Student: 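Sharing a structure, written as structure tokens. Questions coming.
We name chains A, B, ... by the order of the sequence lines, and we start the count at 1 in each one. Owing to the predicted nature of the structure, the values given are computational and were not obtained by experimental measurement.
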Amino acid sequence: MSSRYNHKLVEKKWQTKWEDKKVFETKINDKKKYYVLEMFPYPSGKIHMGHVRNYTLGDVVARYKKMNGYNVMHPMGWDAFGLPAENAALVEKKNPADWTYQNIKTMKKQLQTMGLSLDWKREIATCHPDYYKHEQAFFIDLLNNKLAYKKESEVNWDPVDKTVLANEQVIDGRGWRSGAIVERKKLSQWFLKISKYSEELLEDLKKLDDWPEKVKLMQSNWIGRSDGVVIKFKLVSALSEINEIEVFTTRHDTLFGASFCAISIEHPLTKKIIQKDKGAASFVKDCENIDQEKIKRGYRTNLFVQHPLIKDKRLPVFVSNFVLMEYGSGAVFGCPAHDQRDLEFAIKYGLPVIPVILPADIDLKNKSKWCKEQLKDKKKPMKGEAFVGEGILINSEFLNNKTINEAKKTVLEELIKNKIGKKQTNYKLRDWGISRQRYWGCPIPVIYKEDGSIQAVRKEDLPVELPKINNFNHSSSITLSDLNDWKNTACPSTGMKAIRETDTFDTFFESSWYYLRYCNPRLKEPFEKNEINYWLPVDQYIGGIEHAILHLLYSRFFTKALRDLGYINIDEPFRGLFTQGMVTHKTFKSENGEWLDPEEVVVDSGVFLDKGGKKVFVGKIEKMSKSKKNVINPSNIINLYGADTARWFMLSDSPPERDLEWTDRGVAAAHKFINKLWELSKSINKYSEPKKLEVFDLDTFNKLINDVSVNIEQFHFNKSVANIYEYVNYLSKLVSSKKIGKSFLENALKNLAIIMHPFIPHISEEIWCLFGGEGLCVNASWPKVKYSINKKKIKLPIQINGITRSLLTINNSLDKNTIIKVAKNDKKITKRIKSKEVIRTIYVPGKILNFVIK
RNA sequence: GGGAGUAUGGCGGAACUGGUAGACGCGCCGGAUUCAAAAUCCGGUCACUUCGGUGGUGUGGGUUCGAUUCCCUCUACUCCUACCA
């Protein structure tokens, strides 16, 4: 009897062997490098299925590339600063540092059971002073190069807990602990000047050929370049030294349709206005108080501006809540006929609507009729909708009859001539606010001296260590500003009393450069140039789509900034990017609407019941999350079925970029396959010595190598899995029909072990070993395809009028005429063409033969 | 409001640059093995059919000898983003 496959023994055995032989420890060498990186985890306590999927995908790539002769670096670390540690500190009364390091220990052990090809010698934790001291140095350099600066900015303030809240701590406008309504409060905070790199960040997206188009598009939209014009509108009478309003627009072609100007409630002019105009003051106050108001509102001031191109025309100036101070110049002109928002505003405040674009699809003969109609009911051009499409200029003096693009050009020339306008490009991308009023983060290395001056900490005094808190026993969040002993210091050069900056960095700061640090994680200096030049950029980066914008954009920015500061000399950090889908699971709810753990639910002849026999409602399939209780613990799965089963399931069926639904049946199927492989290998014992020499079927194996390779390269791992299934089915059929002998099977399985290794490394090693493979399977070379395609017999579909009617097994090297002759003699074909006329014959070698008949 | 994507059996999904639609896995059906069950193995599985065929890739149309694939129309769902001038 064959002994059942013991995954616990086997997996541990090979994991230990790999570790003992330091198989995954890498150094610079002469080989071509390949840097595989998965987004590093936050040490929350235990790994989840999202991690399992992410790291399995990366491991397939890493092992495959290694077998293909690359020098592969595949490191792992911990994104260790962050809010959950502080929450745990409050709830569990634990020191955030202890909590974090304990979690790292647990999660590392869990990851190790997955059999990942990681170089643990390179492990980093961002909360360690040896890591964050370098980013403090970067910050000082950024500050000295004016890439970091301070500015007033709003935060969420919890008036009960007296603390600043992160966005995720605000739930429905209330603090997560106190339940108090959150206030907006202005604080002076640190920013990084990412906006300086807007154009380069946008432009370099074009270089990223191995990034998903979707991510590039999202970043491009986020950067939001728009090319337009700034126009000066002269105030009819100046107000305390302000005599004009600058307006940014991309629709300068519609300037003759302008009927008002609107300025932001934060505009400098508004600040002057409200000093004299009580109505304006109360309007502004109203707008400030009503948060996230969607209704467009305006206040008509008694100011007017002169229309820049129409001599005797004045436009009223409004203060308005829909104009953003942060974008453009904080002021707009409104052309209601050709902008929906302006139209609504015009209708509300009784402003004229002047059409200046004749829609392209309206016949010129009907032009005057159309104009009349439009002007008849001034409030409702095009039936209440602004026209924003292509067309021809009307009602616009020297622009009449021009297209929109021609008009834009001509207007701009005119504005430049009159010195009241110029070209301008704006970006939506705003500077990155990096200040967090938190404890568990990297301290910002700055001191404030008694005389009010700001000074960076001297580099030789780094790191500014996060003070340890013993006996963590607080009832509300703690920040650095609460720690007086730490906060109070002195200026090292003048001896003047000083206070430390008590904000810490946004945790995106740490994750923006960790991929660089892996090259030399223990180096005193941040980087070693040779190493960086050899390993970077990351060849394949893998992670969730949720980081499409922030993390990836910040990392790109950091790379460019560090380059300009002289640390490195690459432009982009990640050559290839892959974004994986989520792991989902069914949700269950009880009668009273509470979420239920899947383990509490049993299926009884198609009906879902809880343990008490009550009916359970099956909800949507959603991303695994604690709140919905639809979480499957990877450790349980690995313990029960083994890492190979978990990995195989993660790779089967679902394409990596799509969501993967976790099902018990799917896991069972994966497990079945692992066992089947083992049974097949053990079946070798049933064979006695071969009676005759056997020839290993190279053609089928070549096809397997070819298909699996192509599918791995294209990230179609689900297809590679299907390829392997197909081959194993083929083998087991040969075995059960007794068509092959021992040496054939040995040969086939030994070779198959190599092909399967990136996916299910443990059992592959075991099979490799069983059949006397040399050394370790993990070190084996990926086989080369030796193809001989021409000789092959193929099945050629024979069509009549494009519908397949017969299948011919023929030699592919036969010439066209012979094939046609053979096909015409085929019974099924003869029958159909004998009384008809063949008017065309289409032959595509190796693909089809088609007779067109009448 | 703007942008992107998806739609194929009972289910997850295959089908290279237009060339046998449904690979592979699950489920289901039948059989073998078993005292019985689990496990395992073998066979079948798009629908209809008068067994000759006919229809079929969200809807309707088009291009083509031939369309899941290319073009247009509509529908549904998903994701991102949102007063960006």
Side-chain angles (χ1 to χ4, degrees), chain A residues 2 4 212-215 217-218 220-222 224-226 228-229 247-252 254 262 264 292-297 320-324 326-335 339-342 344-345 388 426-430 545-546 548-549 581-582 648-649 652-655 657-661 663-670 672-673 675-676 679 707 710-711 714 716 718-729 732-733 735-737 795-808 831 838-844 846-853:
Chain A
S2 59
R4 218 168 143 74
E213 288 303 320
K214 184 166 66 164
V215 175
L217 188 73
M218 280 164 76
S220 166
N221 290 339
W222 188 261
R225 175 180 163 138
S226 69
V229 167
V247 158
F248 177 73
T249 180
T250 54
R251 288 304 303 271
H252 35 297
T254 64
S264 162
Q292 290 174 345
E293 167 123 43
K294 290 276 173 190
I295 305 159
K296 293 161 194 50
R297 302 197 307 157
S320 191
N321 66 342
F322 72 79
V323 182
L324 302 172
E326 304 86 46
Y327 188 74
S329 53
V332 297
F333 82 78
C335 173
D339 182 290
Q340 190 59 33
R341 190 188 43 203
D342 292 348
E344 282 163 28
F345 195 82
V388 293
N426 277 340
Y427 302 87
K428 278 194 251 176
L429 181 65
R430 314 241 189 99
I545 186 80
E546 65 273 21
I549 297 174
M582 299 181 296
W648 191 248
F649 173 64
S652 306
D653 292 352
S654 297
E657 69 277 10
R658 285 203 221 169
D659 287 354
L660 174 141
E661 192 198 344
T663 61
D664 293 342
R665 279 176 180 162
V667 187
K672 192 169 116 182
F673 175 72
N675 284 322
K676 183 177 175 167
E679 293 305 318
D707 292 351
V710 167
N711 287 326
Q714 297 178 350
H716 296 157
N718 56 320
K719 291 198 234 166
S720 303
V721 166
N723 300 143
I724 292 170
Y725 266 119
E726 229 165 357
Y727 189 73
V728 172
N729 287 346
S732 72
K733 262 177 205 145
V735 169
S736 67
S737 62
K795 284 179 180 169
L796 187 73
I798 312 301
Q799 302 183 332
I800 287 171
N801 291 342
I803 300 165
T804 304
R805 295 298 181 185
S806 185
L807 209 55
L808 232 51
K831 188 174 74 180
V838 177
I839 52 171
R840 225 176 127 185
T841 305
I842 296 139
Y843 173 59
V844 185
K847 300 265 170 142
I848 53 111
L849 175 64
N850 186 16
F851 296 113
V852 184
I853 62 169

Student: Sticking with atom P, work out how far B:U6 lies from B:G10, rounded to a whole angstrom.
Tutor: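 It comes out at 23 Å once rounded to the nearest Å.
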Student: Which value, in whole Å, describes the distance between the P atoms of nucleotides B:U81 and B:C70?
Tutor: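 Per the computed distance, 28 Å lies between those P atoms.
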Student: Mark up nucleotides 37-51 of chain B, 5' to 3', with B wherever a protein heavy atom is under 4.0 angstrom from a base atom, S wherever such an atom reaches only the sugar-phosphate, and - elsewhere.
Tutor: ---SS-S--------
Student: Sticking with atom P, work out how far B:U73 lies from B:G66, rounded to a whole angstrom.
Tutor: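 It comes out at 24 Å once rounded to the nearest Å.
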Student: Can you work out whether A:Tyr427 or A:Tyr725 has the more 5'-proximal nearest nucleotide on RNA chain B?
Tutor: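 Its nearest nucleotide being more 5', the pick is A:Tyr725.
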Student: Side chains of A:Leu217 and A:Glu213, heavy atoms from C-beta outward: is any pair under 4.5 Å?
Tutor: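 No, too far: nothing below the 4.5 Å cut-off.
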Student: With a non-hydrogen cut-off below 4.0 angstrom, is A:Val323 in contact with a base, only sugar-phosphate, or nothing?
Tutor: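 The answer is base, as A:Val323 lies within the cut-off (heavy atoms under 4.0 Å) of a base atom.
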Student: Below 4.0 angstrom from OP1 or OP2 of B:A85, is there any side-chain N or O of A:Tyr327?
Tutor: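 Checking A:Tyr327 against B:A85: at least one side-chain N or O falls below 4.0 Å of OP1 or OP2.
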Student: Which way is the base of B:G55 turned, syn or anti, if we draw the line at 90° from 0?
Tutor: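 Chi for B:G55 falls in the anti range.
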Student: Donor-acceptor pair, distance only, cut-off 3.5 Å: does the side chain of A:Ser320 make one with the backbone of A:Arg297?
Tutor: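 Such a contact is found between A:Ser320 side chain and A:Arg297 backbone.
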Student: Using atom P in both nucleotides, what's the gap between B:G2 and B:C74 to the nearest angstrom?
Tutor: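 That atom pair is separated by 14 Å.
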Student: Is any side-chain N or O of A:Ser226 closer than 4.0 Å to OP1 or OP2 of B:A85?
Tutor: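 Checking B:A85 against A:Ser226, a side-chain N or O does come within under 4.0 Å of OP1 or OP2.
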Student: Below 4.0 angstrom from OP1 or OP2 of B:U54, is there any side-chain N or O of A:Arg805?
Tutor: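 So the side-chain polar atoms of A:Arg805 do come within 4.0 Å of the phosphate oxygens OP1 or OP2 of B:U54, strictly under.
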Student: Specify the separation, in whole Å, of atom CG of A:Asn723 and atom P of B:G25.
Tutor: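 My rounded result for the distance is 12 Å.
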Student: Donor-acceptor pair, A:Asn711 side chain versus A:His716 backbone, under 3.5 Å?
Tutor: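 Checked: no pair found.
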Student: Between B:C65 and B:G18, how many Å separate the two C1' atoms, rounded to a whole number?
Tutor: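 The answer is 12 Å between these two C1' atoms.
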Student: Expressed in whole Å, how much space separates the C1' atoms belonging to B:U34 and B:A23?
Tutor: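 Those two atoms are separated by 34 Å.
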Student: Out of B:A82, B:C26, B:A85, which nucleotide sits closest to the side chain of A:Trp222?
Tutor: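 So the nucleotide nearest the side chain must be B:A82.
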Student: Would you mind classifying the nucleic acid contact of A:Phe248 as base, sugar-phosphate or nothing, using non-hydrogen atoms under 4.0 angstrom?
Tutor: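 Result for A:Phe248 = base.
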Student: When you check the glycosidic angle of B:G9, does it come out syn, meaning within 90° of 0, or anti?
Tutor: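 What B:G9 shows is a syn base, its glycosidic angle lying within 90° of 0.
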Student: Using both distances under 3.5 Å as the test, list the Watson-Crick or G-U wobble partner of B:C83, or none.
Tutor: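 Checking every strand shown, B:C83 finds no partner, since no pair has both distances under 3.5 Å.
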Student: If you measure from the P atom in B:U8 to the same atom in B:U69, how many Å do you get, rounded?
Tutor: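 Approximately 13 Å lies between the P atom of B:U8 and that of B:U69.
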Student: Name the closest nucleotide to the A:Ile549 side chain, picking from B:U81, B:G52, B:C83.
Tutor: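 Within the option list, the nearest is B:U81.
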Student: For A:Trp648 and A:Phe673, take the angle between the two ring planes, folded into 0 to 90°, and tell me which bin it lands in: parallel under 30, tilted 30 to 60, perpendicular over 60.
Tutor: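 Parallel: the ring planes of A:Trp648 and A:Phe673 meet at under 30°.
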Student: Can you give one letter per nucleotide of nucleotides 14-22 of chain B, 5' to 3': B if a protein heavy atom sits under 4.0 Å from the base, S if only from the sugar-phosphate, - if neither?
Tutor: SSB--BB--
Student: Base, sugar-phosphate, or nothing for A:Thr249, non-hydrogen atoms under 4.0 angstrom?
Tutor: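 Sugar-phosphate, no base atom in range.
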Student: Examine B:C65: is either OP1 or OP2 under 4.0 Å from a nitrogen or oxygen in the side chain of A:Arg840? Give yes or no.
Tutor: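 Answer yes for this pair, as a side-chain N or O of A:Arg840 is under 4.0 Å from OP1 or OP2.
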Student: Are any of A:Arg341's side-chain N or O atoms less than 4.0 Å away from OP1 or OP2 of B:C84?
Tutor: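 Answer is yes, contact under 4.0 Å.
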Student: From C-beta outward on A:Val332, which listed nucleotide comes closest to its side chain: B:C83, B:A85, B:C26?
Tutor: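 Of B:C83, B:A85, B:C26, B:A85 is nearest to the side chain of A:Val332.
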